[in-house]
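Following: one structure in structure tokens, then a few remarks.
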Number of protein chains: 2
Amino acid sequence: MEVATFPPLAATAASPLDGTALEAWRSYLQSHASIVRVLDAELMAEHGITTRDYEVLLYLAQAEGRRLPMSALAERTMLTRSGITRLVDGLVGAGAVQRVSCPEDARVSYAQLTDAGYERLREAGRSHARSIRRLFLEHFSPEEIEVLAGLLSRLPGARPDGACTVG
Amino acid sequence: MEVATFPPLAATAASPLDGTALEAWRSYLQSHASIVRVLDAELMAEHGITTRDYEVLLYLAQAEGRRLPMSALAERTMLTRSGITRLVDGLVGAGAVQRVSCPEDARVSYAQLTDAGYERLREAGRSHARSIRRLFLEHFSPEEIEVLAGLLSRLPGARPDGACTVG
DNA sequence: CGTCAACCGTTGATCCGTCAACTACACTCG
DNA sequence: CGAGTGTAGTTGACGGATCAACGGTTGACG
């Protein structure tokens, strides 16, 4: 697995950002690209699922009854409803998810995590978390993690309205 | 312009990350997704170019003679050679870039920034930098920027010259 | 020289996600 | 009830990026 170089995008000859600011921005962008790329590759190589798949599986696992309406999934994943339809198609094909229609509202169709899907998630989750630690967390001390969390949480989009219960 | 919600991917019921660590990771991912999404949309709305386009234009502008071999572009942007071929096709079509063959090595073909392309970049650069300030930099004090830059620079891929050895 | 490996850029097939259009259903209000 | 409005999910057409394969070029080495 070859893990190429780096990606930027930042100041222009015309309107440069200040030195340190530019560095911060570049590191932010580039590290993200690199880390996510490796994470993707590892998840795919070791468990045959994409990060998107994993994300959806995780949301379902955390949801009441291990099922969510397609729209809810779309919202959480920041995908289009149509995108989610296709993604879930794949997961259904892989046996990780079933479609279940909703008795109270015939319009909605739940994506329901199967036992196989849950098992798949558990397995993937272990190595995924390990990867995250290795690629991200391990570069900082606990105090630094706290600082980082505090700073990053101010950025747009960093604060979902609670919502996601872990465990 | 609707700027949807948030994207996660993180701990699983099976192997959760520690609380603060999880928060840091989530903020990192989610803020990136949100910010990049807005940046993309603004660049497209105001100047009709993709972030990728902008990136390529910027690299060319910074390069010796405002031109680079396709492979060099691919490397810098973290795109495939084939991806770059197609992207540059577009820029050529838009008149921002020309293809120039290399006299010393008939295999390489330079992407050469045109004057029009440079002008385009300058215009886009202004508002782009403004957007970056608004979405990223303005959330921190100068000292915090420094701290952030220092922390982020440790992550894989954050160091342009420092070789990207992961795996 | 002549061969062969490595390399550059392009192309065809394909995957993944979007947008826009459509179907089916639900809810409100006359 | 029945029309109109809005919502949930799917589908077709398309764009962007990848991989695999190819043709042209270079450079090293027998």
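Every chain is numbered from 1 and lettered A, B, ... according to where its sequence line falls, protein lines coming before strand lines. Just so it is clear, the values below take in all heavy atoms, side chains as well, and ignore hydrogens, waters and symmetry mates.
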**Q.** B:S82 (side chain) and D:dC19 (base): donor-acceptor pair under 3.5 Å
**A.**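 By the distance-only test, yes, there is a pair.
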Q) Does any donor-acceptor pair link the side chain of B:R37 with the base of C:dG17 at a separation under 3.5 Å? A) no
Q.
A:L73 and side-chain contact (heavy atoms from CB on, under 4.5 Å): which single residue from A:L87, A:V97, A:L60 fits?
A. A:L60
Q | Interface with DNA chain D, restricted to residues 98-111 of chain A and to heavy atoms under 4.0 Å | A | A:R99, A:R107, A:V108, A:S109
(Q) Please report the interatomic distance OG(B:S31) to CG(A:L151), rounded to the nearest 0.5 Å. (A) 11.0 Å
Q. When rounded to the nearest 0.5 angstrom, what is the spacing between CD in A:E144 and NE2 in A:H139?
A. 11.5 Å
Rounded off to whole Å, could you give me the [atom1]-to-[atom2] distance for the [X] and [N] pair?
{"X": "B:I84", "N": "D:dC19", "atom1": "CD1", "atom2": "P", "value": "14 Å"}
{"X": "B:E75", "N": "C:dC8", "atom1": "CD", "atom2": "C1'", "value": "13 Å"}
{"X": "A:M70", "N": "C:dC25", "atom1": "CE", "atom2": "C1'", "value": "17 Å"}
{"X": "B:L68", "N": "C:dG9", "atom1": "CG", "atom2": "P", "value": "11 Å"}
{"X": "B:R67", "N": "C:dG9", "atom1": "CZ", "atom2": "P", "value": "13 Å"}
{"X": "B:D53", "N": "D:dG16", "atom1": "CG", "atom2": "P", "value": "8 Å"}
{"X": "B:R86", "N": "C:dT10", "atom1": "CZ", "atom2": "C1'", "value": "8 Å"}
{"X": "B:L79", "N": "C:dT10", "atom1": "CG", "atom2": "P", "value": "14 Å"}

Q. Under 4.0 Å between a side-chain N/O of A:T80 and OP1 or OP2 of C:dT18, yes or no?
A.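 A:T80 to C:dT18 OP1/OP2: side-chain N or O found under 4.0 Å.
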Q) Closer to the 5' end of DNA chain C via nearest nucleotide, is it B:S71 or A:R81? A) B:S71
**Q.** Side chains of A:T114 and A:Q98, donor plus acceptor under 3.5 Å
**A.** no
Q.
Going by purine N1 to pyrimidine N3 plus the second Watson-Crick contact, or the G-U wobble pair, all under 3.5 Å, which nucleotide sits opposite D:dG30?
A. C:dC1
Q. Is there any side chain to side chain donor-acceptor pair (under 3.5 Å) pair reaching into residues 78-89 of chain A, and which pairs are they, with sequence neighbours excluded?
A.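 Sorted pair list: A:D89-A:R99.
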**Q.** Nearest heavy-atom neighbours spanning B:E123 and B:H47
**A.** O-NE2, 3.4 Å
(Q) Quick check: closest heavy atoms across B:R120 and B:G48, and the distance to 0.1 Å? (A) NH2-O, 4.2 Å
Q | Nearest-nucleotide pick for A:R52, side chain only, options being C:dG9, D:dG9, C:dG17 | A |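 Nucleotide nearest to A:R52's side chain: C:dG17.
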